[in-house]
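These numbers come from the heavy atoms of this one structure, side chains and all, not from hydrogens, waters or symmetry mates. This one's a predicted model, so the numbers in the text were calculated from it and none came from an experiment. Numbers restart at 1 for each chain; the letters A, B, ... are given by sequence-line order, proteins then strands.
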Amino acid sequence: MTNKTFHTTETAWCPGCGNYDIVNTLAGVLDDMRFKPSELLLVGGIGQAAKLNQYVNANGFSGLHGRALPAAVAAKMVNESLTVIVNTGDGDSYGEGGNHFLHNIRRNVDITHFAHDNQIYGLTKGQTSPTSDSCSVDRTGACNLSKPFQPLLIALAAGATFAARTFSGNREHMAKVMKAAIRHKGYALVDILQPCVSFNKVNTFGYYKEHTYELEGDYDATDLETALLRSMEYGPKIPIGIFYQVEKPTYHQQRPAIYDGTPMIDKQLSQDTLQTFLNKFA
Amino acid sequence: MNICIGGAAGDGIETMAGILEKTLQRSGYYVYSMRDFMSRIRGGHNFAQIRFDSEPVKAHIDALDILIAYDNRTYDEHQKRLKPDGLLLCDPQLGVSDSRTLPIKLKTLAKESGSARTIGVVCIGALVKLLGLDLRTAETVLRETLPEKLLDMNLTAVQKGFDSVEQKQTLASPNVKGQLLLTGAEAMSLGALAGGLRFYSAYPMSPSTSLLNFFAAHAEEFGLTVEQAEDEIAAINMALGASYAGAKAMVGTSGGGFSLMVEGLGLAGIAELPVVIVDVQRPGPATGLPTRTEQSDLLFACFASQGEFPRMVITVRDHPDAFYQTARALQLAQKYQIPVLLLSDQYLADSAAIVAPPDIGKAVQSVSPLKQDEGGAEAYLRYAFTDSGVSPMRVPGKTDALVRSDSDEHTEEGTITESAEVRVQMVDKRARKLELLAGELLEPAYTGAEDPDVLLVGFGTTTNAVAEAVIRLNKHGVSIGALAFGDVYPLPTKELRNYWGKAKAVYSVEQNATAQLNKLIRMETNLSCTDSILKYDGRQLSVDDILHGLAAFGIGGEVPA
């Protein structure tokens, strides 16, 4: 790793895995943004991508497969002083956790979600994932007859206020998008294309390098219709960049009577208030 | 006095019963009120049963003094329970031929008052007169309960009802003052607030939804995070995220939702995250009987989840218990960093009772704080190996120490490990918490003869009905006693062994089909009941059911009230 503050050593990833680029870039971004490790909460579910929080010097919560988002948003709800970042895979984010993905977009809690999307199940050794290409062949030799899940299109349809895609092999681009996502007030999704060197022999580093291109310099990220159209562009050419970003009231901002800036965990209900309330039942 | 009010869903039984309970409370009586509802919004048959007395009443009985029938079905279903000298209040239009009938033109009087929907309030007016209560009390309750625009017609209706009958009774009033009227769900919610609740998440599910409704309604007033989750899996994982971040967290559901939460229960176990899980039981499996009652999740609560970890299961016995045990559960979860399961059921959640005002201070102090052992290391270790098994828990972001939680087996730092040695140390560390927890267990409450020939064992919400049956039998000269468990897992066994040694026969009284408490006792103590009194039709065991059940074993027989 490149910087000391967020530096840790050993990982359980395969040599050449796209996750190295992601964790190294993220560590650099966190350092650039001058976070203290104790201010950060990195949350993961289960899978190779979800192990990222184990390798970064910060608070870490490794929950259940598919369940990173509920734990992450609730931690933020009760302690808004934490910067909460979810790192977890495509199976965790869009498969097992699909329902949480849909509904946490609607909540718009101020967290960042980096979905490491390698279009394959790595830790269980090569099954198709929600984002696998149709007719891709998994390790059992079966053709994937399901249509690929479209994270950005679905996020936008559900009302996401920040939706972006980047590629782990383009570290400069990834760092820029990560920073914007972390700064964004509200739920921010970044779908990060990354190669799985062990099991995905089609969507390789070379494949993504050849097919991805950056959204144009004059692209208007505040126009939902354009964002919806461009998010459907996925084939020979795969656009990367911030597809959509708007400011909408966050979960906390929508409830000013409850969230006044002091984190929930620092407030207590007084016994007097409760006693007064009890008297209403007399 | 025992009054039953029945009609179809949508007839306003719930509203009417609420106003009547409050009127009786304000008139100075002890009240115990239960609900029997179908899982539908309109039609069918619903009823409320309100028992009141100058002596404390803590359970329901079968025999009725007054039956108020909005429809013929109510008469058909309940007339057998109406005493020979009881009173049937109904509209003459029902065409019921019964010598106990006191016909009142309910529908006409309601329409004259301004709306057919005031029929319940006409009944209240009639009851107030019949029972010799003060009409002004009922009027005050109406003013407090109803919106302004509906008030005039209801005040007219209560007067018309009052004028339609002659006074039949002059009841002694104990003039009970300063007591609270609480449903089981309200008592539990208030107990949670006393226990320091900061976060509540749930997915609506009968009969637990009243908890979610309560917390959502008062979230701003009490400054709580209350979140309706997209499913129960989200609810429990949210609660665990909130708990990790430093908030006392609770979820509420019924058996089906708890089934979905089970993997999260295991996460609380291995990651040592304090959480309280309330299971307001209903008959299962799967959808079962959604609006009815049962105690059939006992063994499921004790053993749910793969793997092994300490947990505690508390069954809630009555309204005061619902308050104190919920407050205690939150504190025990926090102290031992374990999941605590609270078992309630539809019967308790939806029934209302007069209770002494709960003591908030007592609830808060019911669990002594633990002197935290940091494990002797220089750096902070979330899962430090300590003698007590309880490791230091810090709030992330509050200090420079980093807090790591992991659903994988982990090191003292909280990072993944597959070390055989650490695995065994970690399992043992978690299990050690049970040694201290054993000192927290509350023995079952005993009612009855000092050296009983017959011992009953029960748990949770059958407690007060069992106790009332025992007291009646004792008065009748039967040597009988009952142990009522609140804490069930780990199972406290001291009093159990004590009384078991004295009794010639032991019967478990349970609201399930497979005698689950009996099984648990056998598993933990090698003691086995002589037989069991079981009910699993979705309706709560009454005092009479218990007496009949014992009579079938040759104990007691016909016992006067």
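- The contact between B:T399 and chain A is made entirely by backbone atoms, counting heavy-atom distances below 4.5 Å.
- Heavy-atom distances place no part of B:K177 under 4.5 Å from chain A, backbone and side chain included.
- When heavy atoms are compared at a cutoff of 4.5 Å, B:P357 does not approach chain A at all.
- B:D400 and A:S38 get closest at one heavy-atom pair: OD1-OG, 3.9 Å.
- For B:E186, the part lying under 4.5 angstrom from a heavy atom of chain A is the side chain only.
- Most heavy-atom pairs under 4.5 Å with chain B: of the set A:I265, A:N79, A:N104, this distinction falls to A:I265.
- Annotation: maximal heavy-atom pairing with chain A below 4.5 Å, among B:R382, B:E227, B:K398, occurs at B:E227.
- Within a 6.0 Å radius of NZ in B:K362, no more than 12 heavy atoms belonging to other residues, nucleotides or ligands are found.
- Within 6.0 Å of NZ in A:K267 there are more than 12 heavy atoms belonging to other residues, nucleotides or ligands.
- Shown here for A:V78 and B:F199, the closest heavy-atom pair between the two residues is CG1-CD1, 3.7 Å.
- When every heavy atom of A:N53 is checked against every heavy atom of B:R404, the shortest pair comes out as O-NH1, 3.0 Å.
- Within the 4.5 angstrom heavy-atom criterion, no atom of B:H410 approaches chain A.
- Looking at A:L41, only its side chain comes within 4.5 Å of chain B, counting heavy atoms on both sides.
- Contacts of B:A271 with chain A are absent, with no heavy-atom separation under 4.5 Å from either backbone or side chain.
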Exercise. B:D231 and A:H103: side-chain contact (heavy atoms from CB on, under 4.5 Å), yes or no, with the steps?
Worked result: CA-CA 10 Å; B:D231 52 41; A:H103 294 284; over 6 Å; no
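- Crowding of A:Y121 atom OH: a count of heavy atoms from other residues, nucleotides or ligands under 6.0 Å exceeding 12.
- For the residue pair A:Q54/B:D406, the side-chain donor-acceptor check at 3.5 Å is satisfied.
- In this structure, the portion of A:D266 lying under 4.5 Å from any heavy atom of chain B is its side chain and not its backbone.
- Contact of A:Q268 with chain B is made through the backbone alone, with heavy-atom distances under 4.5 Å.
- Counting heavy-atom pairs closer than 4.5 Å to chain A, the top-ranked of the candidates B:T225, B:L273, B:L193 is B:T225.
- Contact tally against chain A (heavy-atom pairs below 4.5 Å) for B:T415, B:I233, B:L240: the top residue is B:I233.
- Residue A:L40 does not touch chain B at all, counting heavy-atom pairs closer than 4.5 Å.
- When each of B:G266, B:A242, B:A239, B:G223 is scored by its heavy-atom pairs under 4.5 Å with chain A, the top score falls to B:A242.
- For B:A401, the part sitting under 4.5 Å from any heavy atom of chain A is the backbone (N, CA, C, O) and nothing else.
- B:E418 does not touch chain A: none of its heavy atoms, backbone or side chain, sits under 4.5 Å away.
- Using a 4.5 Å cut-off between heavy atoms, B:Q179 contacts chain A through its backbone alone, with no side-chain atom that close.
- Scanning residues 63-72 of chain A against chain B with a 4.5 Å non-hydrogen threshold yields A:G63, A:L64, A:R67, A:P70, A:A71, sorted by number.
- By number of non-hydrogen pairs under 4.5 angstrom with chain A, the leading residue of B:A234, B:G246, B:G361 is B:A234.
- Only the backbone of B:L224 has a heavy atom closer than 4.5 Å to any heavy atom of chain A.
- Scanning both residues, A:N59 and B:V403, for their nearest heavy atoms gives OD1-N, 2.7 Å.
- Of the options B:L190, B:L181, B:T183, a side chain to side chain contact (heavy atoms under 4.5 Å, CB included) to A:F281 is made by B:L190 and by none of the others.
- Both the backbone and the side chain of A:K280 come within contact range of chain B, with heavy atoms under 4.5 Å apart.
- With a threshold of 4.5 angstrom between heavy atoms, B:R26 approaches chain A through side-chain atoms but not through N, CA, C or O.
- Identified by a heavy-atom distance below 4.5 Å to chain B, the contributing residues of residues 251-258 of chain A are A:Y251, A:R255, A:A257, A:I258, in residue-number order.
- At a 4.5 Å heavy-atom cutoff, the contact between A:A282 and chain B is made by backbone and side-chain atoms alike.
- Heavy atoms closer than 4.5 Å to chain A are found in both the backbone and the side chain of B:F222.
- Not counting sequence neighbours, the partners of A:A181 by the side-chain contact (heavy atoms from CB on, under 4.5 Å) test are A:T112, A:F114, A:F162, A:A188, A:V190.
- Residue pairs meeting the ring pair (Phe, Tyr, Trp, His ring centres under 6.0 Å) criterion with at least one partner in residues 69-98 of chain A, sequence neighbours excluded, are A:Y94-A:F101, A:Y94-A:F149.
- Distance check: B:E221 CD to A:T276 OG1 gives 10.0 Å after rounding to the nearest 0.5 Å.
- Nearest heavy-atom pair across A:Q271 and B:V364 is NE2-CG2, 3.8 Å.
- Heavy atoms closer than 4.5 Å to chain A are found in the backbone of B:V226, but not in its side chain.
- A:R107 touches chain B through its side chain: at least one heavy atom from C-beta onward sits under 4.5 Å away, while N, CA, C and O do not.
- When each of B:L197, B:I270, B:L180 is checked for heavy-atom pairs under 4.5 Å with chain A, B:L180 comes out on top.
- Looking at B:K248, there are no atoms closer than 4.5 Å to chain A (heavy atoms on both sides), in backbone or side chain.
- Between chain B and the residues A:L102, A:D260, A:L82, A:N99, the most heavy-atom pairs under 4.5 angstrom are made by A:N99.
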